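The block underneath contains the structure these notes are about, expressed in structure tokens.
Only a predicted model underlies this, so the values are computations on that prediction, with no experimental measurement involved.
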Amino acid sequence: MTVRKIAHPSLDQREARGLAARDRAALSSHAGWRPAGDRPDPVALIEEQDAAREPDLVPVRHGRMMASPFTFYRGAAKVMAADLKDTPVAGLQAQLCGDAHLSNFGLFASPERLLLFDVNDFDETLPGPFEYDVERMSASFTIAGRGNGFGPADVRATTLASVRAYREAMASFARMGTMDIWYARLDADQLVADINAAAAGSASQAKADKKKAGKKQEKVDKKREKASRQAEKEASKTAQKAHAHDSTQALAKLAERVDGRFRIVSQPPLIVPARDLAATFGLSPDLVMPALHEQFRAYRATLQDDRRRLLERFQIVDMARKVVGVGSVGTRDYIVLLQGRDPLDPLFLQVKQATASVLEAGLRRSRYRQHGERVVQGQRMMQAASDIYLGWTKGIGPDLRRHFYWRQLRDMKGSIEIDKLNPVGLTLYARICGWTLARAHARSGDPVAIATYLGGSDAFDQSITGFCERYADQNERDHAEFVQAIRSGRLEAVEGV
């Protein structure tokens with residue numbers, strides 16, 4: 001048996017590593033991104049993914065992606081991964097989300113029933129250069145700001161805020177003890193308090209400016225103060241809604257009672273219950289349900305013993321194929337309805353297909369050959385707390401060669417409605433996401449080396465913001481090319497689904 005030797009460099013050595021990294025990638029080197037001369041056709045990359053997805057859902061995916069440059073960006077992680085592999089990197093690794101755009105952050109319940117804010121999508125997770133996640137996150141703010149109709153100055157300010165928050169948070173984590181980093185988290189109460197403080201600070205600044213300036217400035221200050229209050233209101237509203245999102249609420253929305261038993265509703269193509277899968281896959285429920293039970297047993301074996309025994313108190317009632325998200329549309333994803341003591345004690349589990357990370361084309365392959373396990377282990381590494389029912393298995397019924405991971409469908413989950421945010425609100429959200437991503441990276445990477453590399457000036461912030469502006473321009477061109485491929489008949493799309 002080979003014993004892996006673990007190095008424990010001193011603080012001075014870790015700081016020296018961070019300084020040396022600037023020789024590999026100067027802080028200013030990120031700004032000048034241009035598409036490679038041999039850049040792959042973005043539409044062709046999407047078609048590559050389509051080939052392994054459900055044919056009846058591929059047009060739904062295209063319809064969702066064509067809605068705007070931002071929705072295209074959400075579904076085009078593979079396109080950006082191909083672009084990032086040739087960008088400058090400092091050689092400082094962390095566990096990456098792999099798809100850290102702003103809609104992949106949100107609220108969910110911890111095992112202790114605290115409402116936490118964290119990264120919440122890990123389909124593409126893989127160890128890699130920390131810059132990849134920062135660039136994916138920050139560019140999403142540039143693209144979303146443009147999509148919300150913000151002016152160039154507001155878009156730039158929002159993007160800068162996300163990078164600055166990451167850099168400053170990493171500097172803070174570099175000064176913390178190892179266990180303090182591991183236990184760091186952002187709960188909903190602290191989230192709302194931080195937004196309240198930011199809103200109060202904005203109001204105080206407005207009063208100070210009012211004394212110095214005339215009516216024109218006073219009008220600007222009132223508008224800023226109003227925007228801060230609106231951001232505070234939206235945050236509280238999102239937290240309240242998240243508390244109501246649980247399996248009981250899902251039962252009311254996704255199930256119906258027939259002959260005294262609950263079953264999942266049929267809403268094709270978005271929800272196709274087991275009883276209707278014959279029309280979709282040519283499989284009868286008599287074949288699907290026994291296979292589901294077999295895979296359920298295999299999944300339970302991947303859980304901690306206490307959680308496995310807890311889950312054994314539930315029995316399977318029904319299952320269905322369910323369409324989720326933008327980037328995941330077309331992969332085989334299911335929901336499973338279970339009941340505990342009686343039909344009014346439900347538990348919904350989600351079973352999501354896990355494919356190879358889009359980052360694997362440019363990085364080392366995952367040590368986990370089972371992609372469901374890759375997702376679960378990456379999530380546990382990056383999140384402050386994770387779902388107690390996270391586990392993995394191989395396929396259900398016709399999916400025996402596919403990999404899946406399991407989790408609760410709804411466990412106090414909530415997300416910000418990005419298109420409703422004004423510049424102040426989006427900037428506040430950018431700071432929160434920047435802090436959260438830094439905390440996730442500090443758990444697996446070296447916060448001392450990364451913080452030393454980033455430095456105390458805004459050079460990195462400005463450089464990444466320059467990258468984001470160029471990449472947002474490219475994303476708009478890619479989106480236009482994608483829409484043209486649909487208009488020309490090269491791709492099929494179904495809108496509004």
Could you walk me through whether Y471 and M80 pass the side chain to side chain contact (heavy atoms under 4.5 Å, CB included) check?
-> CA-CA 9 Å; Y471 201 82; M80 192 170 191; 3.4 Å; yes

Is R367 atom CZ crowded by more than 12 heavy atoms from other residues, nucleotides or ligands, each under 6.0 Å away?
-> no

Taking it one step at a time, do S103 and I418 satisfy side chain to side chain contact (heavy atoms under 4.5 Å, CB included)?
-> CA-CA 8 Å; S103 292; I418 303 302; 4.1 Å; yes

Taking D133 for its side chain and G98 for its backbone only, find out whether a donor-acceptor pair lies under 3.5 Å.
-> yes

Just by modelled atom types, is the E373 backbone N or O under 3.5 Å from a matching donor or acceptor in the Q370 side chain?
-> yes

So, does N475 use its side chain to make a donor-acceptor pair with the main chain of F70 at under 3.5 Å?
-> no

Greater than 12 external heavy atoms within 6.0 Å of R365's CZ | no

Between Q484 and R487, a side-chain donor and acceptor under 3.5 Å = no

Please lay out, stage by stage, how R156 and Q462 fare under the test side chain to side chain donor-acceptor pair (under 3.5 Å).
-> CA-CA 9 Å; R156 184 172 179 81; Q462 297 287 349; 2.5 Å; yes

Is any side-chain N of the basic residue among R146 and D154 closer than 4.0 Å to the acidic one's carboxylate O?
-> no

Sub-3.5 Å donor-acceptor pair from the side chain of R164 to the main-chain atoms of D458, do we have one?
-> no

Taking only Lys NZ, Arg NE, NH1 and NH2, and the carboxylate oxygens of Asp or Glu, determine whether R14 and D446 approach each other closer than 4.0 Å.
-> yes

Donor-acceptor side-chain pairing of S386 and Q383 below 3.5 angstrom = yes

Going by atom types alone, do S138 and T159 pair a side-chain donor with an acceptor below 3.5 Å?
-> no

Counting N and O atoms only, with roles assigned by atom type, does the side chain of S162 sit under 3.5 Å from a partner on the main chain of G434, one being a donor and the other an acceptor?
-> no

Non-hydrogen atoms of F482 and H62 that approach each other most closely | CE2-O, 3.6 Å

Which atom of Q95 lies closest to which atom of H441, heavy atoms considered = O-CD2, 3.6 Å

Can you list the residues that meet the ring-ring contact (aromatic ring centres under 6.0 Å, His included) rule with F460, with sequence neighbours excluded?
-> H30

R167 side chain to D461 main-chain N or O, any donor-acceptor pair under 3.5 Å?
-> no

Heavy atoms of other groups near R113 CZ, more than 12 under 6.0 Å = yes

Any donor-acceptor pair under 3.5 Å from S366 side chain to R374 backbone = no

Parallel, tilted or perpendicular, as decided by the 30° and 60° cut-offs, for the rings of F130 and Y166 = parallel

So among D56, D50, V58, which one has a side chain to side chain contact (heavy atoms under 4.5 Å, CB included) with E54?
-> D56

Closest non-hydrogen atom pair between M66 and A493, with its separation = SD-CB, 3.9 Å

Identify, with sequence neighbours excluded, every residue that meets salt bridge (Lys or Arg N to Asp or Glu O under 4.0 Å) alongside E15.
-> none

Just checking, any donor-acceptor pair under 3.5 angstrom between side chains of Q350 and R407?
-> yes

Got a donor-acceptor contact below 3.5 angstrom from the D118 side chain to the A385 backbone?
-> no

Where do I432 and F117 land on the side chain to side chain contact (heavy atoms under 4.5 Å, CB included) test, with the steps shown first?
-> CA-CA 9 Å; I432 293 164; F117 183 88; 3.4 Å; yes

Please report the closest heavy-atom contact between T142 and C468, naming both atoms and the distance.
-> OG1-CB, 3.3 Å

Carboxylate-amine/guanidinium proximity below 4.0 Å for D333 and R321 = no

Look at the side chain of N148 and the backbone N and O of F150, then say whether any donor-acceptor pair between them is shorter than 3.5 Å.
-> no

W435 ring center within less than 6.0 Å of F173 ring center = yes

Counting distance only, does the side-chain N/O of R443 pair as donor-acceptor with the main-chain N or O of I181 below 3.5 Å?
-> no

Could you tell me whether the side chain of H101 reaches within less than 4.5 Å of the side chain of I143, counting heavy atoms only?
-> no

Closest heavy-atom contact between P447 and A174?
-> O-CB, 3.6 Å

When you check the side-chain N and O atoms of T331 and K352, is any donor under 3.5 Å from an acceptor?
-> no

Check whether more than 12 heavy atoms from other residues, nucleotides or ligands sit under 6.0 Å from atom CZ of R24, and answer yes or no.
-> yes

Could you check S463 against S28 for side chain to side chain donor-acceptor pair (under 3.5 Å), going step by step and ending with a plain yes or no?
-> CA-CA 5 Å; S463 183; S28 60; 5.9 Å; no

Which heavy atom in G391 sits nearest to a heavy atom in V376, and how many Å separate them?
-> O-CG2, 3.5 Å

Under 3.5 Å, is there a donor-acceptor pair between the D387 and Q408 side chains?
-> yes

Judged by modelled atom types alone, do H479 and Y73 share a side-chain donor-acceptor pair under 3.5 Å?
-> no

Matching residue for E124 among D99, T355, V375 - test: side chain to side chain contact (heavy atoms under 4.5 Å, CB included) = D99

I would like to know whether I335 and V351 meet side chain to side chain contact (heavy atoms under 4.5 Å, CB included); could you show each step before the answer?
-> CA-CA 6 Å; I335 55 174; V351 189; over 6 Å; no

Could you give me the CA-CA distance, side-chain angles and deciding distance for F108 and H245, then say whether ring pair (Phe, Tyr, Trp, His ring centres under 6.0 Å) is met?
-> CA-CA 9 Å; F108 59 88; H245 286 179; over 10 Å; no

